[in-house]
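In what follows, a single structure is set out as structure tokens and then discussed.
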Amino acid sequence: MSLTRRIVLAVLAATVVLVAVIAYRTATCTPPAKTVLAPVDLAPAVRIDVARAAQHLAESVRFRTVSHQDANGNDWAEWDRLHAWLAATYPAAHAA
């Protein structure tokens with residue numbers, strides 16, 4: 001029997017065993033016992049000023065923050081401008 005044929009038979013046998021295990025596990029699976037779910041207190045929804053969010057997005061995409069594979073080609077001053085803008089625009093997130 002050639003090596004290729006043995007490999008094919010071994011892969012086929014492994015596949016049959018895997019399918020059999022999956023079929024057995026699927027057939028014998030029992031759902032977990034019913035649990036009582038207590039009501040969950042949800043946090044209040046955060047109000048979003050859509051116009052302000054759009055303005056912030058429009059401002060943020062104007063920064064030319066392109067990273068090159070060669071780091072010497074990066075404009076680090078532009079990244080510094082972006083970080084300064086983020087700190088000024090989102091002070092709470094920046095502080096965290």
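Considering all non-hydrogen atoms of both residues, Gly73 and His68 come closest at O-CD2, 2.9 Å. Of all heavy-atom pairs spanning Glu78 and Arg62, the tightest one is OE2-O, 4.1 Å. When all heavy atoms of Ile22 and Thr26 are compared, the closest pair comes out as O-OG1, 2.7 Å. Nearest heavy atoms, Asn74 versus Val66: OD1-O, 3.5 Å.
Using bins of under 30°, 30° to 60° and over 60° for the plane-to-plane angle, the ring pair Tyr90/Trp85 lands in the perpendicular bin.
Every residue two or more places apart in sequence or in another chain that forms a side chain to side chain contact (heavy atoms under 4.5 Å, CB included) with Gln55 is listed here: Glu59.
Between Asp75 and Arg64 the shortest side-chain heavy-atom distance does not fall below 4.5 Å.
Hydrophobic clustering, with ILVMFWY side chains joined whenever heavy atoms are under 4.5 angstrom apart, groups Leu82 together with Trp76.
Within the model, atoms CG of Asp80 and OG1 of Thr65 stand 12.0 Å from one another, a figure rounded to the nearest 0.5 Å.
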